[in-house]
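Here is the structure we will look at, set down as C-alpha cells.
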Amino acid sequence: MDISFDLDSTLIPNGKEFETEKKNRIAKLFGIEEVRKGTHGLISDLQNQGHKIHIYTTSFRSKEKIRLTLRYYGIKVNRIVNQTENQRVLKSRNINSSKFPPAFDFDLHIDDLKGVGIESERFNFKAIIVVPTDKNWIEKIKSGIKNAG
C-alpha cells in the first residue's frame with residue numbers, strides 16, 4: 001500500500017503537543033526539525049511490511065529540507081509532495097480540496113486535521129486522523145492500516 005503522512009502536528013510538532021526524538025546541536029544548526037517520538041520505528045515497521053511511505057503536506061517547505069530532516073532521523077520516504085506541487089496538481093485536475101491523495105497514487109493518508117477526514121468522506125479517499133495529543137497514535141495507525149487493507 002502507498003501510505004502518505006502529513007507533517008505539521010502529525011509527524012512534526014507545532015508547539016509542545018507531543019514528545020519528540022532528541023537532536024544534537026549540529027542538527028539545530030542545519031535547521032533539522034523535531035519529529036514525533038516513535039516515527040522512525042513506525043515507518044520502518046510499515047516499510048518492512050512492504051508499504052511505500054510518502055510525505056504529503058500543505059507546507060511550503062522545500063522537498064530538500066523535508067528530506068534532510070527525515071534523513072537525520074534515519075527515515076527514508078519514496079516521495080514528498082509539498083504545497084507547491086499539491087496546488088499545481090489539484091488545480092490542473094480541477095479538484096477543490098486541501099488534499100487529494102489519489103492524485104498522487106496514495107492509497108491511504110494519515111493526518112491530524114478533522115477537515116481532511118471530512119474531505120476523505122466527501123472525495124472518497126482513505127484517511128486516518130490522528131489527534132496530536134494521542135499517546136496511542138502508532139497503534140491507531142497500525143490498526144487503521146489493517147482495516148483499510
Side-chain angles (χ1 to χ4, degrees), residues 1-14 17-18 20-21 23 27 30-149:
M1 192 181 308
D2 282 274
I3 302 169
S4 59
F5 281 83
D6 172 53
L7 288 180
D8 293 314
S9 296
T10 302
L11 297 183
I12 293 177
N14 193 2
E17 60 222 322
F18 47 73
T20 58
E21 298 292 345
K23 65 179 186 174
F30 281 99
I32 302 292
E33 296 183 79
E34 294 178 308
V35 299
R36 193 173 197 156
K37 197 170 192 72
T39 297
H40 176 269
L42 171 63
I43 289 176
S44 291
D45 287 352
L46 296 176
Q47 289 169 328
N48 290 337
Q49 292 168 24
H51 299 291
K52 288 184 181 163
I53 304 300
H54 313 277
I55 297 298
Y56 185 12
T57 179
T58 52
S59 159
F60 284 101
R61 290 177 185 86
S62 72
K63 293 180 184 187
E64 294 78 23
K65 181 175 179 8
I66 294 167
R67 204 171 294 282
L68 182 68
T69 289
L70 295 175
R71 269 205 196 121
Y72 174 78
Y73 296 101
I75 300 166
K76 285 187 178 170
V77 296
N78 293 75
R79 182 171 181 191
I80 295 171
V81 175
N82 63 8
Q83 182 64 346
T84 306
E85 183 179 2
N86 183 49
Q87 283 178 330
R88 183 174 39 78
V89 170
L90 297 192
K91 187 178 180 187
S92 74
R93 292 179 171 214
N94 206 20
I95 297 167
N96 189 17
S97 180
S98 69
K99 289 183 178 165
F100 187 70
F104 304 97
D105 297 321
F106 301 154
D107 303 308
L108 173 68
H109 179 66
I110 298 161
D111 209 295
D112 66 298
L113 293 176
K114 288 186 178 113
V116 172
I118 293 166
E119 288 175 344
S120 76
E121 292 171 16
R122 184 179 300 151
F123 295 103
N124 198 26
F125 63 83
K126 292 179 184 170
I128 298 171
I129 305 305
V130 178
V131 179
T133 55
D134 188 347
K135 300 253 189 262
N136 296 315
W137 69 286
I138 292 173
E139 292 76 19
K140 181 175 183 176
I141 289 169
K142 286 183 174 181
S143 72
I145 289 168
K146 280 184 189 145
N147 295 336

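All residue numbers in this chain count up from 1 along the given sequence.
At a threshold of 4.5 Å between non-hydrogen side-chain atoms, the residues V77 and I55 count as touching. Counting only heavy atoms from C-beta outward, the side chains of R36 and W137 approach each other to under 4.5 Å. R122 is listed as a side-chain neighbour of I118, based on a closest heavy-atom distance under 4.5 Å. Contact check for E85 versus R79: side-chain heavy atoms found under the 4.5 Å cut-off. Residues V35 and T20 are not in side-chain contact: their nearest non-hydrogen atoms beyond the backbone lie 4.5 Å or more apart.
Counted by atom type alone, T57 and N82 present zero donor-acceptor pairs between their side chains at under 3.5 Å. S97 and E119 share a donor-acceptor pair across their side chains, judged by distance under 3.5 Å alone. For the residue pair H109/D6, the side-chain donor-acceptor check at 3.5 Å is not satisfied.
In this structure, N124 places its CG atom where only 12 or fewer heavy-atom neighbours from other residues, nucleotides or ligands lie under 6.0 Å away. Other residues, nucleotides and ligands contribute over 12 non-hydrogen atoms within 6.0 Å of the NZ atom of K63. Applying the 6.0 Å contact sphere to NZ of K37 captures more than 12 heavy atoms from other residues, nucleotides or ligands. Heavy-atom contacts from other residues, nucleotides or ligands closer than 6.0 Å to CG of N96 number 12 or fewer.
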Could you walk me through whether L7 and I66 pass the side chain to side chain contact (heavy atoms under 4.5 Å, CB included) check? CA-CA 9 Å; L7 288 180; I66 294 167; 3.9 Å; yes
Between T39 and E21, is a side-chain hydrogen bond (donor to acceptor under 3.5 Å, both in side chains) present by the stated rule, with each step listed? CA-CA 9 Å; T39 297; E21 298 292 345; over 6 Å; no
Please report the C-alpha distance between S4 and L108 in whole Å, then the side-chain angles of each, then the deciding distance to 0.1 Å, and finally whether the side chain to side chain contact (heavy atoms under 4.5 Å, CB included) criterion is met. CA-CA 6 Å; S4 59; L108 173 68; over 6 Å; no
Set out, in order, the CA-CA distance, both residues' side-chain angles and the distance that settles side chain to side chain contact (heavy atoms under 4.5 Å, CB included) for K142 and L42, then state yes or no. CA-CA 8 Å; K142 286 183 174 181; L42 171 63; 3.9 Å; yes
Determine, stepwise, if the pair T10 / I110 fulfils side chain to side chain contact (heavy atoms under 4.5 Å, CB included). CA-CA 8 Å; T10 302; I110 298 161; 4.2 Å; yes
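In this structure a side-chain-to-backbone donor-acceptor pair under 3.5 Å is present from D107 to D2. Judged by distance alone, with hydrogens and angles left aside, the side-chain atoms of S44 form no donor-acceptor pair with the main-chain N or O of G41 at under 3.5 Å.
For T58 against Q83, the heavy-atom pair with the smallest separation is O-CB, 3.1 Å. Taking every heavy atom of both residues into account, S98 and L90 meet most closely at O-CD1, 4.0 Å. N14 and S9 get closest at one heavy-atom pair: CB-OG, 3.3 Å. Heavy-atom minimum distance, G38 versus I138: O-CD1, 3.8 Å. Taking each heavy atom of D8 and S59 in turn, the nearest pair found is OD2-CB, 3.9 Å. Here the shortest heavy-atom pairing between S120 and A127 reads CB-CB, 3.7 Å.
Note that CG of N78 and CG of D105 are 12.5 Å apart. Values are rounded to the nearest 0.5 Å. Expressed to the nearest 0.5 Å, how far NE2 of H51 lies from CD1 of I53 amounts to 7.0 Å. We find the CD-CD1 distance between E17 and I12 to be 11.0 Å, quoted to the nearest 0.5 Å. In this structure, CG in D112 is found 10.0 Å from NZ in K114, a value given to the nearest 0.5 Å. Distance CD/E64 to OG1/T69: 12.0 Å, rounded to 0.5 Å. Between Q87 atom CD and I95 atom CD1 the span is 13.5 Å, to the nearest 0.5 Å.
Applying the salt bridge (charged side-chain N to carboxylate O under 4.0 Å, His left out) test between E33 and each of K65, K23, R67 identifies K65 as the sole match.
Relative orientation of the F106 and H54 rings is parallel, given thresholds of 30° and 60° on the angle between their planes.
When ring centroids are compared, Y56 and F5 stay outside the 6.0 Å threshold. For H40 and Y73, the ring centers are positioned 6.0 Å apart or more.
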